[in-house]
Structures are given as C-alpha cells and as structure tokens.
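Order of the sequence lines fixes the chain letters, A, B, ..., with proteins taken first and strands second; residue numbering starts at 1 for each chain.
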Amino acid sequence: MHVADLPLAPEYVDHFEGAGIEELYPPQVAAVEAGVCDGDNVVAAVPTASGKTFVAELALLTAGGPGLYVCPLRALAREKYEEFDALPGVDAGISTGDYDSAASDLAENDVIVATSEKVDSAIRNGAEWVDDLACVVVDEVHLLGSPGRGPTLEVTLATLRRRTPDVQVVALSATIDNPEDIAAWLDAELVESTWRPVDLRTGVCADGEVRFDDGTDLSVPVDAGDPATDADTEATVDLVRGAIEDGGQALAFVSSRREAEALADRLTEERLAAVAAGRDRGGDGDPDAPVADPERAAAEVAEELRGAGTTGTGERLAESAAWGVAFHHAGLSSDHRALVERAFRERRLAVICATPTLAAGVNVPARRVVVRDQRRYTGEGTEWLPVLEVHQMCGRAGRPHLDPYGEAVLVADDADGREELWNRYVTADPERVESKLRDPAALRTHTLALVATGLAGSQVAVLDALSGTFYASRTANPDLGGAVGDAIASLIDDGMLAAAEAAEAGSGTAKGSAGGDGGTGDAGSGIEATDLGAQVSRQYLTPETGVRIVEGLEAVAGMTDEDVTELTAFEIVCDTPDMVDTYLGNAERAEIYQFARDRSAELTTGMAEATDFEAWLESVKTARILTEWVDGASVEELVEAYRIGPGDLESRIERAEWLLGAADALADVVGVNMPAFASARAKL
DNA sequence: CGAAGTCAAATATAGACAGCATGTC
DNA sequence: CTATATTTGACTTCG
C-alpha cells in the first residue's frame with residue numbers, strides 16, 4: 001500500500017513522500033485496514049519504531065475534527081508536538097505541566113498533544129478543548145497497568161468517551177500479552193504485529209559467548225581486563241567496543257546511577273572515540289556518517305556539557321564525553337540529559353551508559369544494546385525487571401536506514417544465568433496488563449474528581465461514571481461499590497465531600513462537615529464536593545496532600561507570626577505524598593535531627609507527634625534543601641552538601657513550586673493567612 | 001611508631017505526571 | 001523473602 005492510496009489530501013501525501021514515507025509498513029497497512037482512516041477505533045500493539053507515529057497522524061488527519069494525542073512523558077509530548085506542527089496546514093498545540101500553548105489557542109488547534117495527567121487536569125478545570133474531539137490517540141497505552149498512572153489514564157479516557165460518545169479512539173501499545181483486553185474495552189479492532197523495520201536479534205552472553213535467538217553465535221574476546229571490575233562488566237565493555245569497531249553505537253543498561261557512572265568511567269579507558277576515528281580514517285567508514293572526526297566531535301560535546309552546568313556530575317559527564325562516552329540517569333540536569341540524547345543521535349557520542357530511564361524515553365536508537373543488569377532493588381530486595389521493560393531496552397537496538405540490523409545482548413554470570421535469562425526474557429512473552437483502579441488511593445482521587453467536576457453526584461453516579469473504565473470492562477462483577485463507598489466515606493471524613501445540602505453551608509473547614517453518617521448509608525444519596533474538595537481536585541492534589549496542608553494550616557493558626565517562615569511552608573508541602581522524598585543517609589540523620597530540633601518552633605510537626613518519624617525527617621531534609629536554595633545557595637553547594645544530583649534538585653524545586661501554589665489556594669479556602677507560601681514560591 | 005594492608009561490617013540502591021495567571025518579542 | 005558494589009572502620013602486619 002502506498003501513501004498516495006490513502007484517503008489523504010494531496011499536500012499530506014507530498015509531505016509524507018518528502019519525509020521518505022512512501023510504501024506503508026505492514027503494521028501500518030493493517031491499521032488502515034482496521035479502519036484508522038475511517039474513524040474506527042483501533043488498538044495497535046506493535047514494536048517501537050515500527051511506524052506508530054504515522055498511524056497516529058493518519059487517524060488525526062482523517063478524523064475530520066480536532067484531535068488529541070496523549071502520551072506519558074513531557075519530553076515525548078514535545079517531540080510529537082513538533083512533528084505534528086510540521087504537517088502542512090496543521091495547527092498543533094501542546095499542553096503539559098511545564099509547557100503550555102496559550103489557553104485561548106488550544107481550543108482552536110487541530111491537534112493538541114498532552115500528557116494524560118494534563119488531560120485529566122484540564123477536565124477538572126473545565127478546559128474548553130476537551131469537548132468536541134473527533135479523535136483521541138493514546139500512546140503507550142500499556143501504561144494502564146502502572147500502579148501510579150494507569151488509573152488516571154483509564155478514568156480520563158472513560159470520561160472523554162462518555163462526554164463525546166462518537167470520538168474515535170486509537171490506542172498504541174508496546175507488545176503485551178493481552179492487547180485483546182484493551183481492544184475489547186475500547187470496542188476497537190486489534191492490530192498485532194512483531195514486524196520491525198530493522199531486524200533485531202536478541203541474545204544472552206555467558207562465559208565469553210553470545211548465543212542469539214536467530215541461531216547465530218558471537219564470541220566475546222575475554223579480555224583479562226582490569227582486575228578491579230567483574231566479569232559482567234568486562235563482557236559489557238567488550239560488547240560495546242565491538243559495536244563501535246563495527247561502525248555502530250551502543251547503549252548499555254545497568255541498575256543504578258552509580259553503576260552507570262562507574263561503567264562510563266571504565267569505558268573511558270577504551271578510547272572509543274579514537275577507535276571510531278581510526279575506523280573512519282581506515283576508509284571503510286559509513287559514507288552516511290555525519291561525523292567526520294569523532295574525536296573532535298566528542299571534544300565539542302564535552303565543551304557543550306561544561307557550558308550547561310558546573311556541578312561535579314556535569315564535570316564527570318564532560319570528562320567521559322571527551323572520550324565518546326556518556327552516562328544518563330535522572331540525577332542529571334534536564335539540560336545535560338537533553339544534550340546527551342541529542343549528541344548520541346547525531347553520532348557524536350559512541351555509547352551511553354544508562355539506568356532504565358532511557359528505555360521508555362525519547363527515541364535514542366543504537367546498533368547494539370547491552371543489558372548488563374536485569375535486576376533492580378526495591379524495598380523488598382532485588383527484583384527481576386519486568387519483561388516489558390527489558391524488551392523496550394532491547395527494542396532500542398537498530399537504527400532504521402543506518403544500521404543493517406540491531407543486536408540486543410543480555411549479560412549473564414554463567415551458564416545457569418544464560419538459561420535463566422533466555423527463558424525469562426528472550427523466549428518469554430511480556431506481562432499481561434491489568435487495571436490498577438482498585439487501589440483505594442486511586443479510587444479516592446478519582447471519586448473526588450468525578451464529584452467535584454459535577455460528573456457524579458452520588459455513589460451510584462460515581463459507579464456509573466466508572467463503568468466505562470478498563471477495570472469495569474475486565475471484571476464481570478466489578479464490585480466497586482464497597483470500595484467506592486469507602487472512598488466516599490473517607491473523603492467525607494476529610495472534609496472534601498459532604499451530603500448535597502450540607503455542602504453549601506459547611507464548606508471550608510477540614511473536620512467540619514457530616515461526621516460519618518453520609519455516603520455509606522444510602523448509596524443513592526446526593527453528595528457534593530466542599531469548597532476544600534473542589535480546590536484540591538482543581539489543584540490536582542492527592543486528597544492526602546490536601547489533608548496534610550490543612551493540618552499544617554491549622555498548626556500555623558496557633559503559631560506566632562514570626563515563627564511562620566519559609567521553612568514552615570516548605571515543611572508542610574514536603575511532608576505530602578505529592579512531593580518526592582529525598583533519601584536520608586544514616587550519615588546525615590543526626591545532623592538533620594539536630595536541625596529539626598534547633599528550628600522546631602518553625603515546624604508544624606512536633607518531634608514527638610510525627611506518625612512516621614523517618615518519613616518526616618526526610619521531608620525536613622527536603623525542606624531544608626529548598627530553604628537554602630531560596631536563601632541563595634548554588635546548585636553546586638546543595639548537590640555537594642546533600643548528596644543529590646542536579647536533576648533531583650530540579651525536580652524538587654519544580655514540585656515545590658506547584659505545591660506551594662496549591663497550598664496558597666487552600667489557605668484561602670480554609671481562611672488562614674499564610675503569606676509564606678507565596679513568598680517562598682516567588683523565590684524558587 | 002606509623003604506614004600500609006586485610007577483612008568484615010555497614011551503606012546505599014530507577015523514574016517522573018500534575019496548578020494558574022500573566023507577560024513578551 | 002531475594003543482591004551487590006563500594007565505602008568505612010576495626011584490626012593486623014610490615015617497615
């Protein structure tokens with residue numbers, strides 16, 4: 001099937017042909033046959049890089065009305081937005097937490113790109129553009145199974161479909177075990193394929209030999225190596241070097257930030273930029289290679305990195321980049337991360353040593369992917385990485401048009417390990433995707449949102465609104481009644497909801513309304529959001545966060561004015577579940593404890609009353625970092641003193657900004673004067 | 001006596017979405 | 001419930 005055969009206006013055909021898209025890939029043909037261009041619902045479970053974006057574009061361009069593209073990451077949203085905006089005659093808009101087109105424009109855009117949380121938030125805040133959509137494309141729909149974010153996605157989609165029953169839904173998923181369940185939920189035709197534009201072979205390396213799933217072998221020259229590093233690392237180094245000598249690039253995945261940096265250090269000794277340079281000078285280089293002199297390119301990347309930050313992390317990154325090696329994890333500043341990704345795409349870096357971040361992020365393909373670590377630490381010891389995640393790492397192997405093939409290698413300890421990895425990851429299917437909506441915390445949040453937006457005014461109505469979710473479609477007898485009843489009762493206890501009549505009068509105070517007799521008794525009785533609940537929902541706060549802020553404000557009301565400082569404001573917002581917690585090392589505990597004692601007058605929680613003292617101490621650490629930040633401390637100083645990465649500092653500042661704004665709004669509702677929220681926020 | 005070496009115990013561990021109202025070249 | 005690399009510290013040995 002050719003682009004010209006599609007029901008597309010000529011300018012689009014020209015555009016796609018100009019971009020090198022002429023003959024459709026098999027999964028794209030299947031999607032067309034399933035009706036993406038005819039307004040039909042389609043679920044496409046296909047590998048990354050098999051042309052999903054084009055399928056999305058087909059749906060959006062042929063829908064005959066405004067379209068919405070939902071994806072999980074802000075960086076991906078940016079990427080897609082730029083892509084859509086480049087389409088002839090298409091006016092694209094973007095709406096994410098950190099980057100927004102003007103609200104007035106959004107309603108007029110042909111296509112809006114947004115994260116799922118932003119769509120949820122837009123619905124809660126009554127944005128105009130969520131109505132009248134002709135088409136919704138959901139990327140990475142398998143995130144439905146993610147405990148934190150899946151429920152948001154399914155409730156949001158259910159709400160959109162309820163408001164606009166005729167909307168076309170196109171969902172794009174990684175290869176999973178049960179895409180038919182998602183298709184059944186969405187009344188969609190399922191397109192399943194494992195086709196890729198570049199061949200991929202996956203193998204396991206053990207005892208110096210890689211065995212691939214296509215029957216081929218590869219022996220890894222077992223270098224005696226540096227005795228300071230282990231066999232896994234040496235095998236990884238050899239595999240990476242092999243890919244570079246062969247004219248490609250490599251990605252190496254390890255389990256922790258420290259490991260990523262240590263591996264980068266080790267690879268630096270291999271002089272990879274020089275290897276790549278020697279290969280090119282040897283004359284058998286790829287004529288398409290845009291990099292004539294890898295050594296010089298690497299040196300330039302190092303300079304760019306130095307220009308983007310002067311922290312210890314940045315300097316280490318620049319030092320390794322000078323050798324064509326980079327590391328990549330969430331501790332990097334966002335500038336550094338973006339620079340590394342771009343430099344690698346431009347082939348100015350030979351290898352990236354990464355934590356699993358890179359598996360799901362923006363497109364960074366490489367000739368060879370080496371997965372050295374397949375386990376990850378959790379609170380309960382180390383766990384195997386999900387099959388889906390490892391497959392996504394492996395799927396990064398092979399650049400269309402640039403690599404003749406892609407190779408993914410899992411590194412095992414020994415023959416037993418080879419067997420284990422082979423069965424677990426090479427031949428095994430990915431996990432099933434199951435709804436996580438039953439989680440009480442998720443139900444609380446979404447029940448509040450449904451009531452606050454006026455979509456439901458009773459327990460029965462909430463259940464009805466939830467009947468369009470993935471969860472409900474998967475369960476013959478959803479039995480959410482009890483769980484939703486519990487959610488409503490707890491929200492009434494927290495002062496977020498109240499019986500319909502009482503809501504008007506008893507709004508505002510946290511513990512004021514309705515005792516415990518509403519909600520559970522009569523499932524049909526009317527409920528409304530209190531002013532507090534409405535504000536919590538609009539500010540996109542978890543109800544628990546709302547409760548904590550109100551408690552903080554109550555404590556503040558009893559404090560003397562001069563004791564209410566920016567530290568007070570930070571302590572309140574840092575002690576909520578919506579703030580990321582900061583690791584508190586044993587070495588620092590005593591010092592933070594001392595700090596908390598010295599400044600206890602400014603804190604809303606007494607040392608003795610904290611229900612979870614450890615967690616509270618962690619939030620005091622975060623609050624202290626932010627306090628020093630607004631007092632003028634530099635990134636370098638904070639990173640050094642508190643053993644966090646520049647990226648960690650960035651994310652905490654960003655979140656504090658949001659939470660302080662929200663807390664300020666809640667202070668108004670509760671009627672407590674707390675200027676410290678706004679003043680602290682202004683200094684971030 | 002002090003420096004250097006040894007071994008066991010302690011330490012630390014991935015990631016990332018969200019508000020809102022203006023102002024600006 | 002599961003692991004592991006690195007750092008720290010107590011202790012020993014060597015010069």
Undergrad: Which pair of non-hydrogen atoms, one from A:T236 and one from A:A252, has the smallest distance, and what is that distance?
TA: CG2-CB, 4.2 Å
Undergrad: Please classify the nucleic acid contact of A:D100 as base, sugar-phosphate, or nothing, using heavy-atom distances under 4.0 Å.
TA: nothing
Undergrad: With nearest nucleotides of DNA chain B determined for A:K118 and A:S256 from heavy-atom distances, which residue corresponds to the more 5′ nucleotide?
TA: A:S256
Undergrad: How long is the line joining CG of A:L385 and P of C:dT2, in whole Å?
TA: 19 Å
Undergrad: Under 4.0 Å from any heavy atom of chain A: name the first and the last nucleotide of DNA chain B that qualifies, 5' to 3'.
TA: B:dT11 to B:dC20
Undergrad: Can you list the stems that DNA chain B is part of, where a stem is at least 3 pairs in a row, each Watson-Crick or G-U, with both distances below 3.5 Å?
TA: B:1-13 with C:3-15
Undergrad: Answer with yes or no whether the side chains of A:R444 and A:S490 bring together a donor and an acceptor at under 3.5 Å.
TA: yes
Undergrad: Of A:S173, A:S116, A:P72, which is the lone residue that meets side chain to side chain contact (heavy atoms under 4.5 Å, CB included) with A:L143?
TA: A:P72
Undergrad: Please determine, by modelled atom types, if A:R375 and A:S255 share a side-chain donor-acceptor pair under 3.5 angstrom.
TA: no
Undergrad: Heavy atoms under 4.0 Å, any strand shown: does A:S651 hit a base, just sugar-phosphate, or nothing?
TA: nothing
Undergrad: Which whole-number value in Å describes the distance from A:D373 CG to C:dT4 P?
TA: 10 Å
Undergrad: Between A:T545 and A:D578, is there a side-chain donor-acceptor contact under 3.5 Å, judged purely by atom types and distance?
TA: yes
Undergrad: For a quick check of understanding: with a heavy-atom distance under 4.0 Å over all strands, which category does A:E383 fall into, base, sugar-phosphate or nothing?
TA: base
Undergrad: For atom P, what is the distance between C:dA5 and B:dA14, given to the nearest Å?
TA: 15 Å
Undergrad: Roughly how many Å apart are C:dT2 and B:dG15, using the C1' atom of each and rounding to a whole number?
TA: 22 Å
Undergrad: Would you indicate what A:L541 reaches in the nucleic acid, counting non-hydrogen atoms under 4.0 angstrom: base, sugar-phosphate, or nothing?
TA: nothing
Undergrad: What is the minimum heavy-atom distance between A:H391 and A:A428, and which atoms define it?
TA: CE1-O, 3.6 Å
Undergrad: Checking all strands, does A:R652 fall into the base, sugar-phosphate, or nothing category for heavy-atom contacts under 4.0 angstrom?
TA: nothing
Undergrad: With heavy atoms under 4.0 Å as the rule, sort A:R643 into base, sugar-phosphate or nothing.
TA: sugar-phosphate
Undergrad: NA contact type, A:G148, heavy-atom cut-off 4.0 Å: base, sugar-phosphate, or nothing?
TA: nothing
Undergrad: Using atom CZ of A:R375 as one end and atom P of C:dC1 as the other, report the distance to the nearest whole Å.
TA: 15 Å
Undergrad: If you compare all heavy atoms of A:V411 against all heavy atoms of A:L421, which two are closest, and at what distance to 0.1 Å?
TA: O-CD1, 3.7 Å
Undergrad: Do the charged groups of A:R124 and A:E117 touch, with an N to O distance under 4.0 Å?
TA: no
Undergrad: In terms of side-chain geometry, is the basic nitrogen of A:R589 or A:E614 positioned less than 4.0 Å from the acidic oxygen of its partner?
TA: yes
Undergrad: Give one of base, sugar-phosphate or nothing for A:T152, where a contact means two heavy atoms less than 4.0 Å apart.
TA: nothing
Undergrad: For A:R655, answer base if it contacts any base atom (sugar-phosphate contacts may also be present), sugar-phosphate if it contacts only those atoms, and nothing otherwise; contact means non-hydrogen atoms under 4.0 Å.
TA: base
Undergrad: When all nucleic acid strands are considered with a 4.0 Å heavy-atom cut-off, which category describes A:A662: base, sugar-phosphate, or nothing?
TA: nothing
Undergrad: Hey, which sits more toward the 5' end of DNA chain B by its nearest nucleotide, A:D578 or A:E389?
TA: A:E389
Undergrad: Identify whether any heavy atom of A:T378 sits under 4.0 Å from a base atom; if not, whether one sits that close to sugar-phosphate; answer base, sugar-phosphate or nothing.
TA: nothing
